[in-house]
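To find a chain, count down the sequence lines: A is the first, B the second, and so on, and within it residues start at 1.
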Number of protein chains: 2
Amino acid sequence: MPPAITAYKNHDRHLLAVDCIIFGFDGKELKALLIKRALEPAVGQWSLMGGFVQQNESVDAAATRILNQLTGLQDIYMEQLHCFGNVERDAAARVVSIAYFALIKIDDYNEALMNEHHAKWFSLNKIPALVFDHRQMIKLSRERLQEKVTSHPIGFELLPYKFTLQQLQALYEAVYNTRFDKRNFTKKILALDLLHKLDEKEKESSRKGAFLFVFDKKKYEQLNKEGLKFL
Amino acid sequence: MPPAITAYKNHDRHLLAVDCIIFGFDGKELKALLIKRALEPAVGQWSLMGGFVQQNESVDAAATRILNQLTGLQDIYMEQLHCFGNVERDAAARVVSIAYFALIKIDDYNEALMNEHHAKWFSLNKIPALVFDHRQMIKLSRERLQEKVTSHPIGFELLPYKFTLQQLQALYEAVYNTRFDKRNFTKKILALDLLHKLDEKEKESSRKGAFLFVFDKKKYEQLNKEGLKFL
DNA sequence: CCAAAAGTGTTATATATACACCCATGG
DNA sequence: CCATGGGTGTATATATAACACTTTTGG
């Protein structure tokens with residue numbers, strides 16, 4: 001990249017950060033992954049995982065890098081949420097932050113990296129005090145997740161590869177913070193022709209055992225692009 | 001604002017721009033307001049109105065300022081669209097841009113300012129070649145407008161204060177790029193209990209004349225917050 | 001044999017869609 | 001008196017919401 005040409009030269013330059021809201025689902029509750037902030041100011045306070053955008057990387061790439069720094073994961077569903085640009089949002093300096101949210105399988109992470117950052121999962125209903133505007137970021141991301149899930153089948157990103165219908169329903173109930181009728185839910189989700197029923201049963205949560213499903217990758221990708229009407 | 005503290009000091013700083021997609025509706029077509037770019041590179045090419053974010057202003061404030069520079073308007077419906085952060089997006093330097101879209105009444109602008117920027121309205125179906133990634137910005141903003149309009153009554157921002165049902169329908173048809181049945185449309189919109197029918201008729205477009213409506217500000221604001229299911 | 005979760009259909013209601021004619025007016 | 005756009009209702013199809021009992025099996 002050449003240096004800024006004359007026409008741009010006199011404009012202010014800004015610190016640009018990325019913050020990641022990382023969602024997980026433990027079968028009962030929607031959770032967000034938080035770390036203990038390692039940087040001044042506010043060292044040791046709970047915070048979203050974040051970092052600065054470098055000169056030679058795209059903002060999206062920065063988000064991917066920062067997610068990977070904490071989780072060790074790659075190829076994760078990630079979406080830009082919003083640019084937070086208030087002058088005073090960071091207590092130490094003017095920093096503009098672009099927030100992203102990511103959906104991961106809650107057991108899928110690198111434990112060493114997580115320990116290194118003192119990361120912990122928090123139920124979305126029990127988020128502790130956070131630095132700066134991170135609470136607002138989580139709030140907005142939750143609303144966005146809800147909207148997104150209504151028209152795109154991204155909920156599966158939060159589930160294990162094989163899952164039961166009740167796990168799926170519990171996930172949607174957690175996202176919408178409501179309850180659904182089991183029969184109506186089953187009917188609707190199966191009608192999408194998106195799931196493939198396995199011969200295998202999950203037997204941990206009941207004596208009878210519940211059939212496991214996987215999603216049909218082709219249908220899934222198609223509906224993810226086209227959109228669907230879920231609820 | 002104090003200077004960046006030690007912990008932030010070594011991070012790269014970036015040029016931060018704002019670009020505005022300004023929508024208008026002429027009674028038939030959805031249009032976007034474009035200017036002839038005044039800056040190198042690509043001087044004289046069609047472009048969205050944009051500008052740089054200053055050190056002491058929020059990103060939202062920058063967007064408002066830049067919209068005002070072109071139109072002279074204040075208190076305009078404006079929404080952040082997306083942060084465009086590819087390294088090579090601007091041909092001259094690494095510039096991260098935050099795109100906003102605005103809805104204005106198409107006759108409501110300061111002509112002197114518009115002339116100064118060589119601004120012109122373009123039908124969304126006939127957007128000329130644009131600088132950098134501005135075409136992509138317009139595409140995304142159109143999709144977002146469509147989604148937004150489905151759940152929030154923001155369409156009115158594009159109409160004159162008094163409008164006929166046919167103007168309203170034409171607007172929604174333009175946004176969705178489809179046709180609606182007149183009777184069903186009327187039924188639905190009136191059922192929202194959002195419009196107030198005036199005793200006054202608009203007589204330009206027909207001999208009989210069509211009744212004018214205004215929206216009920218209280219209902220409007222309530223539905224704008226709560227959301228609604230429009231179509 | 002019993003506790004606990006799995007699985008499964010029908011009906012009622014609400015919403016969405018399709019469709020065509022008369023009205024009022026200015027020229 | 002007629003051409004033009006304005007205004008209005010009903011019937012059908014589809015989608016959503018409400019609702020309860022039987023099955024399986026490990027202990």
Practice task
Flag this pair as yes if the NZ/CZ of B:Lys201 is under 6.0 angstrom from the six-membered ring centre of B:Phe211 and inside a 45 degree cone about the axis; otherwise no.
Solution key: yes
Exercise for the section: Determine whether B:Ile76 and B:Thr64 make a side-chain contact, defined as any pair of heavy atoms from C-beta on separated by less than 4.5 Å. Expected result: no
Handout entry: 4.5 Å side-chain heavy-atom contact, A:Trp46 and A:Lys120
Key = yes
Nearest-angstrom distance from the residue atom [atom1] of [X] to [atom2] of [N]:
| X | N | atom1 | atom2 | result |
| --- | --- | --- | --- | --- |
| A:Lys201 | D:dT23 | NZ | P | 14 Å |
| A:Asp181 | C:dT8 | CG | P | 14 Å |
| B:Lys197 | D:dT8 | NZ | C1' | 10 Å |
| A:Lys203 | C:dA6 | NZ | P | 12 Å |
| A:Arg179 | D:dA18 | CZ | C1' | 16 Å |
| B:Leu192 | C:dT15 | CG | C1' | 13 Å |
| A:Leu165 | C:dA6 | CG | P | 10 Å |
| B:Phe185 | D:dG9 | CZ | P | 18 Å |

Practice task
Answer with yes or no whether A:Lys187 presents, from its side chain, a donor or acceptor under 3.5 Å of a partner atom in the base of C:dT10.
Solution key: yes
Where the side chain of [X] is defined as all heavy atoms beyond and including C-beta, which of [options] is the nearest nucleotide?
| X | options | result |
| --- | --- | --- |
| B:Ser205 | D:dG26, D:dG6, C:dT25 | D:dG6 |
| B:Gln166 | D:dA17, D:dG7, C:dA3 | D:dG7 |
| A:Arg207 | C:dC19, C:dG27, D:dG26 | D:dG26 |
| B:Arg183 | C:dA20, C:dT8, D:dA18 | C:dA20 |

Fill in the blank from the handout: Sorted by position of nearest nucleotide on DNA chain D, 5' first, the leading residue of A:Lys208 and B:Ala210 is B:Ala210
Practice task
For B:Lys188, answer base if it contacts any base atom (sugar-phosphate contacts may also be present), sugar-phosphate if it contacts only those atoms, and nothing otherwise; contact means non-hydrogen atoms under 4.0 Å.
Solution key: sugar-phosphate
Handout entry: Residue among B:Asn86, B:Asp19, B:Asp90, B:Asp133 satisfying side-chain hydrogen bond (donor to acceptor under 3.5 Å, both in side chains) with B:Ser97
Key = B:Asp19
Practice task
Output yes when A:Lys225 and A:Glu221 qualify as a salt bridge under the 4.0 Å nitrogen-oxygen rule, no when they do not.
Solution key: no
Handout entry: Distance test, side-chain N/O of B:Lys182 to OP1/OP2 of D:dG7, below 4.0 Å
Key = no
